[in-house]
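Lettering follows sequence order; numbering is per chain, from 1.
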Protein chains: 4
Amino acid sequence: MRSDSKKVTFTQAARRAQIVTAAIEVIAEIGWAQTSIRKIADRVGVAMSAVLYHFGNKDNLVDAIIEEMYRSALAAVAPAIQAENTSAGKLAAYIRANIAYFDSHRTQLAALAQLGAGYQPTDGRRFDELGMTEELREELAILDPNSILVAGQQDHEFGDFAVGSMSMALRGAVNAVVEKILREPDFDAHAYGEDLVDICSRVVAVQR
Amino acid sequence: MRSDSKKVTFTQAARRAQIVTAAIEVIAEIGWAQTSIRKIADRVGVAMSAVLYHFGNKDNLVDAIIEEMYRSALAAVAPAIQAENTSAGKLAAYIRANIAYFDSHRTQLAALAQLGAGYQPTDGRRFDELGMTEELREELAILDPNSILVAGQQDHEFGDFAVGSMSMALRGAVNAVVEKILREPDFDAHAYGEDLVDICSRVVAVQR
Amino acid sequence: MRSDSKKVTFTQAARRAQIVTAAIEVIAEIGWAQTSIRKIADRVGVAMSAVLYHFGNKDNLVDAIIEEMYRSALAAVAPAIQAENTSAGKLAAYIRANIAYFDSHRTQLAALAQLGAGYQPTDGRRFDELGMTEELREELAILDPNSILVAGQQDHEFGDFAVGSMSMALRGAVNAVVEKILREPDFDAHAYGEDLVDICSRVVAVQR
Amino acid sequence: MRSDSKKVTFTQAARRAQIVTAAIEVIAEIGWAQTSIRKIADRVGVAMSAVLYHFGNKDNLVDAIIEEMYRSALAAVAPAIQAENTSAGKLAAYIRANIAYFDSHRTQLAALAQLGAGYQPTDGRRFDELGMTEELREELAILDPNSILVAGQQDHEFGDFAVGSMSMALRGAVNAVVEKILREPDFDAHAYGEDLVDICSRVVAVQR
DNA sequence: GATGAATGAGTGTTCATTCAT
DNA sequence: CATGAATGAACACTCATTCAT
């Protein structure tokens, strides 16, 4: 009995993953507004109702998609930050790892951008709450540049500047890569990242 | 006769403006994906076919919406920049005027964000080309921070830094206000703007 | 007053004729199913409501179109038949004049074919009754080959054959040109007409 | 398993056939221009979307309708011709079988006439190409009187006459039955057919 | 575990017609 | 004499969802 259900769960998980992957590709290619369950199912090669069998409804599917995206981004970026000891190192790692991830995961990026702007859950939840477990939320905190900047100021590695605003501006500057890459596929994201590291170092530097 | 035709044109323009305004509100409130011509018409209080009578099809309506938005933004931001003499003044004016505009035109902003991500024209045009006349395109160039930064470096008012990347980062940092405001209506955009002016001044300052 | 109304009537008639002509062209080009009052008005260069001003509604417009077509065909074919003295001469003239008319009035032909198959009047009238005055109906009787064949048999110019069926078959054979021409614009209708004259002469010939 | 899938296919085929039949009836009754998917669905007793589920779009439905008509006509007429040995026999069989078919399949006939004149496929295809497989096209060649007339002349069973024009005239004369029957339901098509056999025999007869 | 059939709500668009001017 | 504005009905088509199998 147990082995049976395990086996079932395994194939089930595989199918779910397969569908989520296909969904991300479809969304990235044709945009969320044009994405339908049928098109996703077509890409997987199963019947439309099979998708609904696995996810119940469209909202649940989006939940799964977003969770998958967070996990993927987290796995790529968090280790790079944690590997650094100094705040300056962590800041540079944050910028570089994020931009490198964006550069190498354009499909997921495009899909996430589409969902972020175009998707509104049927139930009242806000977009940030989708695909979100308490555990995941904690882990994602690592990705917030705010904590890095605060730490850097507290141990006087960084000088005086408006932490909250700088954090927000930095996130904006980093995220600008997304639109840019999607519009200009040949954009040199790496060079931009290095420039951004330099620009930020001037801002956080201790003023003499 | 002339006054007659003017009157007619005026009436027509008024209705068109009324519909565009209503459309922007609807898009901002429920998102582009959920927006339909019928819902826009309902808000105006006319039949759905009246909207199509004035704009022919949905694409033309979006064209009109976007043109209206560009004009509105241009009228709000350009004069503030042009009123300044120094590059530093223009840079600060760019930041402040943009953020102030974002802060005071949230509905238009939300709608534009929705369209930018979710709308794909039926014909081949890219999003940048929508609602765009040659004349408008020229005027919009004024709003690009790149020209300000380049000028500042040329007359040695600014120091040495990666102009292209800084320009892009700045646009990203400014645009970050949009998402923030939409998510946190009480966000103090003005304070963020002042902080951003300060942060930027450090980056562009001549290094001793 | 009278001169006024006459003037009005004249321009009115001109406009009506102009609209009818345009309508025939449009129907021939895009088919009755795709024809709308707006498209007809566009071709004339007037507002859609101007067409309705002149004809009241779509049915009346079709009436006018069909009447115009009958008159045109009648004017082209009837004299040719009446110019002949013998039944054989009339029969040949019937065939030749009809086919020549079809060959040289393809637009009207295409339009008539479209209307004949696709148009159903809102009121109960049958298609034959459209655009039909009593006077016109009488004149049209001349175009029926049946009367020619009957006369030819009565004065023993023709031999023995089934008059009604031959008449119907002949009309069918003549009308076949319409479809053929519309499908193959280079079809040699004249040669077909001559062949048809020959074929018919065999059928009506007095058997020895 | 196999029986299962067969059953499914069978059900599907049955529904498709049911819809096609209903569509033919509707078209025959109210004309193609007035025919809508909804009206067809209403006749079947299903939702409009059910029709679209089975055929995808209106064009595909028309394709299926026309194919069905060709098959039906072919099955009725071809065997009768092939059963004859002489060219004269085949010619008479062609006329009689066609007219008998027209007489007994008025609904299909009316529908075909409607489609032939009023329907224009969305894609570029011409009307002849609709519902047409290569296999079907070959089989339909049997129905062309041209081949019968040519064969009759080659083995001197028939005399000298313009084969192409006679073939076209014959088709026209046969098809004339369609309009006649639709306008006069009590028309004696059989008698007309016999007359037509007689008329044709005179034309093709060897002249002494 | 997965599927095909079916549906109802909703979409953008076309159209003939009405009406005040 | 002619127009622009507006409308309601109809249209083909898409979609997420339900359900029996």
Using the criterion of both pairing distances under 3.5 Å for Watson-Crick and G-U wobble pairs, give all stems of 3 or more consecutive pairs involving DNA chain F. E:2-21 with F:2-21
If you draw the axis of the six-membered ring of B:Trp32, does the NZ or CZ of B:Lys39 fall within 45° of it and under 6.0 Å from the ring centre? no
Side chain proximity check, C:Ile66 to C:Met132, heavy atoms < 4.5 angstrom: no
Using side chain to side chain contact (heavy atoms under 4.5 Å, CB included) as the criterion, list what pairs up with A:Ala23, not counting sequence neighbours. A:Ile40, A:Ile65
Return the set of residues passing side chain to side chain donor-acceptor pair (under 3.5 Å) with [X] (not counting sequence neighbours), or none when no residue passes.
{"X": "C:Asp59", "value": "C:Tyr119, C:Thr122"}
{"X": "C:Gln34", "value": "none"}
{"X": "B:Arg38", "value": "none"}

Once rounded to the nearest 0.5 Å, what's the spacing between atom OG1 of B:Thr21 and atom CZ of B:Arg16? 12.0 Å
How long is the straight-line distance from CZ of D:Phe55 back to CD1 of D:Ile37, given to the nearest 0.5 Å? 10.0 Å
Integer-rounded Å distance: F:dG4 C1' and C:Asp42 CG: 14 Å
Specify the separation, in whole Å, of atom CD1 of D:Ile40 and atom P of F:dC13. 11 Å
Walk along nucleotides 6-13 of chain E from 5' to 3' and tag each nucleotide B, S or - by protein heavy-atom contact under 4.0 Å, base first, then sugar-phosphate. BBB--SSB
